[in-house]
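Structure record follows, encoded as structure tokens.
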2 protein chains.
Amino acid sequence: MQITTWNVNSVRTRLEQVTNWLKTHPEVDLLCLQETKVIDADFPQAAFTELGYHTYIYGQKSYNGVAMISRQPLSDVQMGFTAVLERDLGDLDEQRRLITGVIDQVRIVNMYVPNGSSLDSDKYDYKLRWLETLRQYLKILLDQDDEPSQILICGDFNVAVEDIDIHNPAKRETKVMATDAEREALQAVLDLGFKDVFRKFTQSGGHYSWWDYRTGGFQRNQGWRIDYHFLTEALYDRAIACTIDIEPRKLPQPSDHTPVIVEIS
Amino acid sequence: MQITTWNVNSVRTRLEQVTNWLKTHPEVDLLCLQETKVIDADFPQAAFTELGYHTYIYGQKSYNGVAMISRQPLSDVQMGFTAVLERDLGDLDEQRRLITGVIDQVRIVNMYVPNGSSLDSDKYDYKLRWLETLRQYLKILLDQDDEPSQILICGDFNVAVEDIDIHNPAKRETKVMATDAEREALQAVLDLGFKDVFRKFTQSGGHYSWWDYRTGGFQRNQGWRIDYHFLTEALYDRAIACTIDIEPRKLPQPSDHTPVIVEIS
DNA sequence: GACAACGCTG
DNA sequence: CAGCGTTGTC
């Protein structure tokens with residue numbers, strides 16, 4: 001089974017690139033999208049159903065929005081934190097950033113973690129609170145799951161977990177995406193029992209999933225690895241490959257992110 | 001000598017269409033553009049100079065803007081009413097709607113007449129005042145010119161001069177572009193001694209230069225003839241053809257207007 | 001740098 | 001329906 005995560009930065013603008021990618025990657029069973037930036041009514045479902053996929057969408061206009069494009073139907077699909085946490089989360093579940101479903105006894109959680117803007121902003125605080133809520137949410141999913149848990153969480157985490165996941169980690173504490181506070185908040189999530197499956201196969205640096213549009217850093221491979229698949233132990237053991245496909249980032253008018261694919265035996 | 005008028009509705013968006021049109025119409029000596037929608041600093045001059053044309057631009061951001069693209073250098077180029085009327089025109093010369101120059105002893109005046117919005121608007125009043133100012137402006141040009149005057153005024157006049165210039169003239173008094181007041185204001189201009197050269201060669205209706213994007217009227221040829229070449233008597237006598245080229249309107253992402261070409265012996 | 005929305009104009 | 005500019009976001 002192959003699962004891909006890809007922040008497409010508008011599914012409508014990138015529609016042809018996404019469908020072309022699916023056509024050239026028929027072995028991919030599930031594509032998890034982030035930043036679809038479109039309300040459900042305007043999501044280009046037909047483009048995917050015509051190719052034989054099932055679509056599960058949880059969208060919002062302009063910002064955020066996630067979707068899952070699956071060869072097989074998913075079961076137990078749920079949107080947002082509230083469906084699982086069953087309490088009022090205030091502002092933490094207003095934005096559409098998280099969708100989950102089950103395929104072949106594996107629960108997939110596809111998410112778009114808040115970016116955080118700047119360290120002194122309310123958005124940064126929101127990001128930390130969101131990650132803590134994610135921890136609580138995943139704890140329940142883990143408790144609900146049969147042992148051993150087979151859960152995969154993937155998406156754009158907007159955090160680089162290690163210094164080798166950043167092209168220049170020197171001033172990492174001054175900007176969002178790699179501060180200690182963000183890493184600790186994410187680590188608390190991973191401590192529930194999730195492992196970065198890319199590192200099962202690749203220990204070297206220089207492998208990134210996102211390159212800023214502004215600095216033109218893709219040409220010089222000045223990027224960040226912020227898109228991940230984190231797997232529970234049992235699933236991690238079954239993983240046989242995890243790769244980053246940088247080809248879509250080379251196309252004209254690309255997303256700033258590129259797909260990350262994991263294969264599970 | 002062939003002269004073309006074309007409201008391109010943004011010269012940057014339409015640049016390739018415009019240069020392609022020039023390439024396929026090498027016999028055109030002068031192309032008069034309206035609604036270039038760009039300040040002079042950002043006008044894509046190089047695209048025209050590379051093709052061997054001289055450019056004369058009088059631009060404005062977002063709205064209006066006129067330009068002349070000429071095989072031969074133009075002489076005595078002037079922008080706006082004020083250069084000729086030499087008095088303070090208040091708001092009537094703030095918008096960049098008029099440029100003039102001389103080629104082969106023929107004075108060309110290229111203009112974009114205000115649209116007028118709706119009958120009860122200040123813009124409608126502005127349109128009528130603008131046309132009266134145009135009359136005063138042309139009177140001076142005529143007085144300055146050697147007898148017999150060889151003046152051609154062309155552009156988007158935003159007025160249909162006759163009922164056969166409108167696909168459905170029934171309710172023409174309720175909307176802008178063919179009310180009696182607009183026609184009278186334009187007629188006062190033409191009474192200085194200008195004639196609609198298209199009608200020298202074609203008397204039938206159904207010939208238009210503009211089709212509204214909104215109503216999709218191009219498919220059913222529901223348009224308006226609002227782009228003209230008006231010529232002084234001496235020049236009118238020398239005209240040997242005047243045609244509307246609807247091909248550019250058939251292209252993807254077209255301007256809502258299409259070129260009108262006049263040929264003078 | 002790129003995307004989407006909104007307001008304005010035609 | 002299509003253009004531009006502005007704002008907000010990342």
Side-chain angles (χ1 to χ4, degrees), chain A residues 7-15 17 34-39 42-43 59-65 95 97 112-118 121-124 126-127 156-159 175-177 210-219 222-224 226-227 249 251-257, chain B residues 7-15 17 34-39 42-43 59-65 95 97 112-118 121-124 126-127 156-159 175-177 210-219 222-224 226-227 249 251-257:
Chain A
N7 177 324
V8 288
N9 188 12
S10 171
V11 70
R12 283 180 294 182
T13 298
R14 223 74 57 205
L15 184 58
Q17 289 184 31
Q34 303 92 36
E35 281 206 89
T36 54
K37 293 188 174 179
V38 63
I39 57 171
D42 294 339
F43 190 98
Q60 178 180 338
K61 78 171 175 183
S62 288
Y63 310 119
N64 315 311
Q95 301 174 2
R97 297 180 170 276
Y112 174 50
V113 175
N115 169 282
S117 194
S118 60
S121 70
D122 291 344
K123 295 198 180 73
Y124 181 74
Y126 184 83
K127 180 180 192 171
D156 174 0
F157 286 79
N158 271 314
V159 178
K175 292 183 210 151
V176 287
M177 294 216 300
W210 174 80
W211 299 261
D212 198 322
Y213 284 126
R214 283 162 282 198
T215 50
F218 181 67
Q219 311 312 323
Q222 297 182 346
W224 297 59
I226 55 178
D227 301 88
R249 186 60 239 242
L251 296 173
Q253 307 283 99
S255 167
D256 42 356
H257 298 252
Chain B
N7 178 324
V8 288
N9 190 13
S10 171
V11 70
R12 285 179 295 180
T13 298
R14 223 73 58 204
L15 184 58
Q17 288 184 33
Q34 304 90 37
E35 281 205 271
T36 54
K37 293 188 173 179
V38 63
I39 58 174
D42 295 337
F43 191 99
Q60 179 180 338
K61 77 172 176 183
S62 289
Y63 310 118
N64 316 312
Q95 302 174 2
R97 298 179 169 275
Y112 174 49
V113 176
N115 168 283
S117 194
S118 59
S121 70
D122 290 345
K123 296 197 179 74
Y124 181 75
Y126 184 82
K127 179 180 193 170
D156 174 1
F157 286 79
N158 271 315
V159 179
K175 293 186 210 149
V176 286
M177 295 215 300
W210 174 81
W211 299 261
D212 199 323
Y213 285 125
R214 283 162 281 198
T215 51
F218 181 66
Q219 310 313 325
Q222 297 181 346
W224 295 61
I226 56 178
D227 301 271
R249 184 62 238 241
L251 296 173
Q253 307 284 101
S255 166
D256 43 354
H257 298 252

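To find a chain, count down the sequence lines: A is the first, B the second, and so on, and within it residues start at 1.
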Looking at [Y], is its backbone amide N or carbonyl O close enough to the side chain of [X] to form a donor-acceptor pair, meaning the two atoms are under 3.5 Å apart?
| X | Y | result |
| --- | --- | --- |
| B:Lys37 | B:Thr13 | no |
| A:Asn7 | A:Glu35 | no |
| B:Tyr112 | B:Gly65 | no |
| B:Gln17 | B:Val8 | no |
| B:Thr36 | B:Val11 | no |
| B:Asp256 | B:Tyr213 | no |
| B:Arg249 | B:Phe218 | no |

- Message: Can you work out whether A:Gly216 or A:Arg12 has the more 5'-proximal nearest nucleotide on DNA chain C?
- Response: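 Looking at DNA chain C, the more 5' nearest nucleotide goes with A:Gly216.
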Under 4.0 Å from OP1 or OP2 of D:dG3: is there any side-chain N or O of B:Arg14 that close?
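Yes, because at least one side-chain N or O of B:Arg14 sits under 4.0 Å from OP1 or OP2 of D:dG3.
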Q) Along DNA chain C, 5' to 3', what are the outermost nucleotides having an atom less than 4.0 Å from a heavy atom of chain B? A)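 Range of nucleotides within reach of chain B: C:dC8 to C:dG10.
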Exercise for the section: Please name all residues satisfying salt bridge (Lys or Arg N to Asp or Glu O under 4.0 Å) with A:Asp212, sequence neighbours left out, ordered by chain then number. Expected result: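 Once residues adjacent in sequence are excluded, the partners of A:Asp212 under the salt bridge (Lys or Arg N to Asp or Glu O under 4.0 Å) criterion are A:Arg214.
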Exercise. Provide, to the nearest angstrom, the distance between the CD atom belonging to B:Gln222 and the C1' atom belonging to D:dC1.
Key: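 B:Gln222 atom CD is separated from D:dC1 atom C1' by 15 Å.
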Set out, line by line, the N/O atom pairs under 3.5 Å between protein and nucleotides 6-10 of chain D.
residue	atom	partner	partner atom	Å
D:dT6	OP1	B:Lys61	NZ	3.2
D:dC10	O3'	A:Tyr112	OH	3.4
D:dC10	O3'	A:Asn115	ND2	3.4

